[in-house]
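Scroll down for the structure; my scribbles are underneath it.
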Amino acid sequence: MQYWLFKSEPETFSIDDLAKATGKTTCWDGVRNYQVRNFMRDVMKRGDLAFFYHSSCAVPGITGVISITRTAYPDHTQFDHEHVHYDADSKPDTPRWLMVDVKLERKLKRIITLDELRQHEHQLKELLILKRGNRLSVTPLSSDEWNYILSLE
DNA sequence: GCCAACGTTGGC
DNA sequence: GCCAACGTTGGC
């Protein structure tokens, strides 16, 4: 089982939006990066756990724990002309982009901020989100990193 | 296959 | 709003 970190801009989709969703479950559409698509296609399994991270906001940080409830399947928004994530080059018989379903397990008792994570750089120096220039919207992390971060809560 | 230009991300 | 970093595009 693999651990992950999912970024989302709370103005677009926040942890509270997920909490309000039917069954606290949503499809994670909109991934348009090949590396992330390959993570979803090749590695991500049902039951994997992930942190829900708020980015591009006043207080960036980890706000909750989610789980993968459905493995990769075609992202329908790539075929929707009206959608911002429409991809004219992707054909229905060979879909380019995939998504998974995720479910909210729980909100953290408090947000573990990016600033706080940086203060633990010694233990988290391999954490991809702390590395300069990292822009992947979904990144893997080790069980040691997972447990260490949860211990901060 | 190279690489400059361009678009996007995301912290600040 | 700025800008560094990085992925993608497209001309050659």
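Here is how names work: the chains are called A, B, and so on, in the same order as the sequence lines, proteins then strands, and each is numbered from 1.
To the nearest angstrom, C1' of C:dT8 lies 14 Å from CZ of A:R37. For A:N33 and C:dT8, the CG to C1' distance is 10 Å, given to the nearest whole Å. In this structure, A:H54 places its NE2 atom 13 Å from P of B:dG10, rounding to the nearest Å. Per the geometry, CG belonging to A:N134 stands 18 Å off P belonging to C:dA4, to the nearest Å. For A:E11 and B:dG11, the CD to P distance is 13 Å, given to the nearest whole Å. For A:H85 and B:dT8, the NE2 to C1' distance is 12 Å, given to the nearest whole Å. The interatomic distance linking A:R96 (CZ) with C:dT9 (C1') rounds to 12 Å, in whole Å. Atom C1' of nucleotide C:dC6 and atom CG of A:L136 are separated by 10 Å, given to the nearest angstrom.
A salt bridge does not link A:D87 with A:R32: every distance from a Lys NZ or Arg NE/NH1/NH2 to an Asp or Glu carboxylate oxygen is 4.0 Å or more.
Annotation: A:F52 is in aromatic contact with A:W28 [ring centroid separation under 6.0 Å].
Atom CG in A:L104 sits 12.5 Å away from atom NZ in A:K20 (nearest 0.5 Å).
Within 6.0 Å of atom CZ in A:R46, 12 or fewer heavy atoms from other residues, nucleotides or ligands are found, so the atom counts as exposed in its surroundings.
Phosphate proximity of C:dT9 to A:Y34: absent, as no side-chain N or O sits under 4.0 Å from OP1 or OP2. For A:K7 and B:dT9, the shortest distance from a side-chain N or O to OP1 or OP2 is not below 4.0 Å.
If you check C:dG7, B:dG11, B:dG10 against the side chain of A:P60, the one that comes closest is B:dG11. Out of C:dT8, B:dG10, B:dC12, the shortest distance to the side chain of A:R118 is found at B:dC12. Distance from the side chain of A:R135 is smallest to B:dT8 among B:dG11, B:dT8, B:dG10.
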